[in-house]
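Just so we're on the same page: letters track the sequence lines, and every chain starts at 1.
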Amino acid sequence: MSQTAGQSLSQMATKAINRPVPDYLDGLNGEQREAVETLEGPVLVLAGAGTGKTRVLTTRIAHILNEGVASSWNILAVTFTNKAAFEMKERIGQLVGCTVEGMPWLGTFHAICVKILRRHAELVDLKSGFTILDTDDQIRLLKQIIKAENIDEKRWPARHLASLLDRWKNRGLVPSKVPAGEAYTFANGKGAELYEAYQKRLKELNAVDFGDILLECLRLFQEHNDVLKEYQNRFRYMLVDEYQDTNVAQYLWLRLLAQGTHNVCCVGDDDQSIYGWRGAEVDNILRFEKDFPGAKVIRLEQNYRSTGHILAAASALIAHNSERLGKTLHTNIGDGDKVLLRGCWDHEEEARNISDQIEQLQREQHSFEDMAVLVRASSQMRAIEDRFVTIGLPYRVIGGPRFYERMEIKDAIAYFEVVFNNANDLKFERIINTPKRGLGEASLRPVYEYARAKSISLVDSARTLINTEELRPAARNSITKLMDQFDHWQQMAKMMSHTELAQIILDESGYTAMWQKDKSPQAPGRLDNLKELIRFMDEFDTMAAFLEHVSLVMDTDSGNDGERVSLMTLHSAKGLEFDTVFLPGWEEGLFPHQRSLDESGQTGLEEERRLAYVGITRAKKRATISFAQNRLTHGQWQTSMPSRFIDELPADHVDVMESLSFGSPSHSLKPQRMSSRETVAEDIYSEPRWNRHKAQRKITTIEGKARRIKKVHKSAYETGERVFHQKFGYGHITTIEGDKLTIDFEKAGEKRVVESFVEKPQST
DNA sequence: GGGCGTTGCGTTTTT
DNA sequence: CGCAACGCCC
C-alpha cells in the first residue's frame, strides 16, 4: 500500500468511515474479533501462547482509528521492550497503510513516562533536560553515598542497595513510604535514609534512574490532579501489552489513567509470567476483574502455532500450577510429532545428541534458522557451544551482553556526553582517566573536594583548579590538556557532522589508541564495536538525538548473515517461535533452579513451571526435552535427578528416546539417528561437516535497528509557527533550512534545532 | 597508578 | 573451575 506522504492516521481514519466492511477484520476468529471490537470499558484479553496476541492488539488500534472514535494521538499503547514497540508500529503501519509518526503515545512504559516527565519536570523537582542514569552510574553514585555515610562498603555493597531501591521503586514506594521493617534490612536500619539521600543527590544532578522514570511520573499524577486530568482526557483508549509483566508502580500508573475513560485493554498471559524476580506482579493480571470493575475478560484459546502433541504436553504441564486463571488451548494444525524426551549420561552427550539431531534435520532440508536451543541458565551454553564449534555447526547466541552495555560503547558515549553536556559528573568520572592520564583518586581529590564545597560540577571544579596551585603539577598539566581538548571538540561540533566529530574525539582522546595497544583477544572486537557505533550514529541527525536515544534504548538486533541455529535462554525466547526446539538441562536443581525454590518457594516453583511452559510452546513442530545425569557445575561433577517437570508431562504425548550410553559412562560416539531416511539423505549432505563455515560466535550488531530510523527531509512546519521543544520550551520558528529549524524560544532565546525534536503545541 | 595476587561467588534481564 | 572485583605493594 502506498500512501501520500504527510497523510495522517486521522485523515486515513476519517476517509475509512465510508468504507463498508473493514477488511482488516477478515480472518479473525470470534474471540479475536470480540477483543478487537469491544472498545468501551475495561477489557482483559487472556492470550495464550500462539493465539495471535499481537494481531489483536494492532488490529484493535486500527479499528479504533477506522471507527473514528479517537485520533492516533489519543491512543496510549504501552509495551515493555523497544523491540515490541517497534514491531507494533510496523504492523499498525501495514494495517492502516501509513507511517506511524502519528502514534506519538505508542512506546515502552519508560519512553512514555520520560515524554510526560520532560513536559512537567518542574513539578517533580527536575529540569526538563534531566539525564537518565544507567545501572553503572547508579552504582557509582550509591557507592559515594554509602562512603559518605561511613558505612562499610564491604559488608553493604552498593549493588545490594541498588537492587533494594529498585524493588521499592517497582512497588511504587517513595522513601517516606518504605515500611519500617524493610528499611532496616540494609546497613542496620539505614536503608530508607540512604534511599532518601540518593534521591536528593539525583535531584542535585538533575538525573533520574530507570525506576524513577515510572515512580516520578506516578508521583506527578498523584500530586497534580490537573496534570492527571489532562492525560486522562487525552488518552481516550489505552492498551497494554504483556500485562502479566507489569509491576506495582506500572499498575498504579495505569489505574490512575484508566479512571478517565475506563477504556483500558490489557493483553497478557498469566501462564507466561516469568519476570517476577524483577518486580513483575502476576497478581496484577489475576486481580484484573476486581481492579477494573465491569471488566470483560476474553480468552484467546485457538492456537495457531503448535501441533497437537506439543500443545497437549505444554497444557498438561502448566495445569500443575494453582495460581492461574486457566485456559484451554486447542489447535487444528493436527497432532504432529510427539514431544521427544531423552536422558543422557552427561552434558557433553546431551550436546552431542542435540547436534546430531540438528544435522539429521538439516539433511532432511530443514533450515538452521528454524531451530533453537533454549537453556535455563547461560552456563549451560558452554557445552552446547563447544560441541557446535567442534563440528562447525553455525549458530548464533541471542541475548548476552547488549551492545550498549559493552564497556567500550559506554566509554565512548561518556566522552560524547561530557563534550555535549559537560555537567554530567558521572560520565566525566568514567572517562577522566580512561585512557590512563595519571589522574587517579589521589590526584583528583582536590577536584572532588572543591566541587562538593562549591556545589558545582566536576568539570567546572577542574576548570577552576587548573588556574590555581591546588593540584600537583603533573595532574594539573594532564587536566589542562584534557580541558583544552574538550574546548577544542566543542568548537569543532559547530563545524562538522556529529559522526566525524565522534571519530575525532575517540582518536584524539587516545581512546582508540588504548585498544589498539591492548593485546588481549577482545581488543579487536571492541574496536569493531566502536566503528559500528559511529556507523549507527549516522542514522541520527544530531549528537543530541543520538544521546537521547541511547539513554533509553538498550536494545540491539542481530544481523542475518547466513543460516544459523539460535541459542538462548528460555527468558529471551519468550515471544519467539521455531519449528524445532531443544530444551536441555531438565534436571532438579537446574530446572527448576534451586535458587528459585530456596528464595521463593512455591511461587518460585510455579514461575519455573511457567518458564518450562514458555519453552515448550515456542515449538511449532518438534520439541526435544533432555536431561543429563551428570553435569560439571562450578568445576564440580554433580549428579542430579530428572526434573519434576518431566514427571508432569503426559505420557500419551511424549516419546521417550533411549540413549545408547544412558546409564553408563561408555561414551558411545555412535550417533543416534532418529530418521530411517538417513541413507537417502546422505547425498544431499555429501560434504563433510568440517567443510562448512567455521562457526563463530556472533558479534551482535545494530544494523537491524538502523534500518528503522528514517531521516526527515520535508518540513512539516512553517516559518512563524509556534512549536514546543522538550528542552527549550515554546518558541516561534524564524528560519527553516532542510530539517534544521531556527527557533526563537520564549525562555532560551534563539537556538538551531532539528525538526524531529520539536512538536506542535498541545491543543487539548 | 599499575600490576599482581587474593577472595568470593556462581539464574533468569529490561528500561 | 573461571571470572570479576578488590586490596596491597612497588
Side-chain angles (χ1 to χ4, degrees), chain A residues 78-85 107-114 132-139 143 153-155 157-160 163 166 169-170 208-215 217 241-242 245-247 249-250 273-280 374-382 398-402 404-405 407 432-444 472 474-475 478 522 549-556 568-575 585 589-600 604 607-608 610-612 614-615 631-638:
Chain A
V78 273
T79 63
F80 275 85
T81 62
N82 292 296
K83 197 178 157 212
T108 61
F109 273 104
H110 293 266
I112 286 166
C113 288
V114 166
I132 298 159
L133 302 190
D134 62 24
T135 325
D136 267 21
D137 299 333
Q138 197 188 352
I139 302 275
K143 258 186 196 154
E153 292 176 86
K154 267 263 125 84
R155 247 186 94 198
R159 40 188 65 256
H160 282 188
S163 68
D166 223 42
K169 290 181 176 182
N170 283 160
V208 293
D209 62 25
F210 284 120
D212 284 335
I213 291 175
L214 262 144
L215 195 57
C217 194
D241 190 19
E242 305 280 17
D245 289 338
T246 48
N247 62 36
Q250 287 157 341
S273 163
I274 55 174
Y275 286 111
W277 50 274
R278 70 177 192 211
L374 313 181
V375 297
R376 173 64 181 86
S378 28
S379 58
Q380 289 171 259
M381 288 188 187
R382 181 77 165 272
I398 311 273
R402 267 162 299 287
Y404 291 116
E405 280 164 21
M407 187 198 338
I432 178 134
N433 203 28
T434 312
K436 299 282 177 273
R437 298 190 176 90
L439 297 170
E441 205 194 328
S443 320
L444 288 173
R472 302 205 321 257
S478 196
Q522 300 100 306
H549 173 84
V550 294
S551 65
L552 269 182
V553 179
M554 293 287 174
D555 147 69
T556 59
M568 69 192 93
T569 63
L570 285 162
H571 282 93
S572 22
K574 199 173 94 169
L590 179 60
F591 192 33
H593 202 281
Q594 193 56 48
R595 225 167 140 149
S596 204
L597 301 181
D598 292 344
E599 281 168 20
S600 318
E607 183 155 313
E608 294 282 305
R610 292 193 289 266
L611 204 45
V614 166
R631 191 175 287 277
L632 198 58
T633 349
H634 312 317
Q636 267 331 104
W637 276 98
Q638 271 186 271

For DNA chain B, what dot-bracket results from Watson-Crick or G-U pairs at under 3.5 Å, with [ ] for crossers and | for inter-strand partners?
||||||||||.....

When you measure from the side chain of A:Phe210, which nucleotide among B:dT15, B:dG2, B:dT11 comes out closest?
B:dT15

If you measure from CG on A:Asp245 to CD1 on A:Ile274, what distance do you get to the nearest 0.5 Å?
7.0 Å

P atom, C:dA4 versus B:dT11: distance in rounded Å?
15 Å

Protein proximity profile, nucleotides 1-10 of chain C - base contact B, sugar-phosphate-only contact S, no contact -, cut-off 4.0 Å on heavy atoms
B----SS---

Mind running side chain to side chain contact (heavy atoms under 4.5 Å, CB included) on A:Gln380 and A:Leu590 for me, showing each step along the way?
CA-CA 10 Å; A:Gln380 289 171 259; A:Leu590 179 60; 3.6 Å; yes

To the nearest angstrom, the CZ-C1' distance between A:Phe109 and B:dT13 comes to 17 Å

Which whole-number value in Å describes the distance from A:His571 NE2 to B:dT11 C1'?
8 Å

Between P of B:dT15 and CD of A:Gln138, the distance in whole Å:
16 Å

Is it true that A:His571 and A:Trp277 have ring centroids separated by less than 6.0 Å?
yes

Between A:Ser443 and A:Leu611, name the one whose nearest nucleotide on DNA chain B is closer to the 5' end.
A:Ser443

Would you mind reporting whether A:Arg376 and A:Thr569 have side-chain heavy atoms less than 4.5 Å apart?
no

So what does A:Ile274 hit on the nucleic acid, given a heavy-atom distance under 4.0 Å: a base, only sugar-phosphate, or nothing?
nothing

Could you point out which residue of A:Ile213, A:Val114, A:Leu133 forms a side chain to side chain contact (heavy atoms under 4.5 Å, CB included) with A:Val208?
A:Ile213

Could you say whether the aromatic ring of A:His110 and the base of B:dT15 stack, counting only centre distances under 5.5 Å and plane angles under 30°?
no

B:dT13 phosphate, OP1 or OP2: any side-chain N/O from A:Ser572 under 4.0 angstrom?
yes

Categorize A:Gln250 for me: base, sugar-phosphate, or nothing, with a 4.0 angstrom heavy-atom threshold over every strand shown.
nothing

First of A:His593 and A:Arg472 reached from the 5' end of DNA chain B, by closest nucleotide
A:Arg472

When you measure from the side-chain N and O atoms of A:Asn82 to the phosphate of B:dT14, is any distance below 4.0 Å, counting only OP1 and OP2?
no

A:Tyr275 stacking on B:dT14: centroids under 5.5 Å, ring planes under 30°?
no

State the OG1-CG distance between A:Thr246 and A:Asp241, to the nearest 0.5 angstrom.
11.0 Å

What is the distance from atom CZ of A:Arg472 to atom CG of A:Leu439, rounded to the nearest 0.5 Å?
9.0 Å

Could you tell me whether the side chain of A:Ile139 reaches within less than 4.5 Å of the side chain of A:Asp136, counting heavy atoms only?
no

Spacing of A:His160 atom NE2 relative to B:dC9 atom C1', expressed in whole Å:
10 Å

Measure from CG on A:Leu374 to C1' on B:dT11 and round the result to the nearest Å.
16 Å

Within the distance-only criterion (no hydrogens, no angle test), does the side chain of A:Glu608 pair as donor or acceptor with the backbone N or O of A:Ser596 below 3.5 angstrom?
no

Atom CD1 of A:Ile398 and atom P of B:dT14 are separated, to the nearest Å, by 12 Å

Rounded to the nearest 0.5 Å, how far apart are OG1 of A:Thr135 and CZ of A:Phe210?
6.0 Å

Between B:dT15 (P) and A:Asp137 (CG): distance, integer Å:
17 Å

Does the side chain of A:Arg595 get closer than 4.0 angstrom to OP1 or OP2 of B:dG10 through an N or O atom?
yes

Nearest listed nucleotide, side chain of A:Trp277, among B:dT14, B:dT12, B:dT11:
B:dT12

Nucleotide of B:dG2, B:dT14, B:dT12 approaching A:Asn433 most closely (side-chain heavy atoms):
B:dG2

Side chain to side chain contact (heavy atoms under 4.5 Å, CB included) between A:Asp212 and A:Lys169: does it pass, once the steps are laid out?
CA-CA 7 Å; A:Asp212 284 335; A:Lys169 290 181 176 182; 2.9 Å; yes

What's the gap between B:dT12 and C:dC3 when it is taken at their P atoms, as a whole Å value?
15 Å

Please give, in whole Å, the distance from B:dT15 C1' to A:Leu215 CG?
14 Å

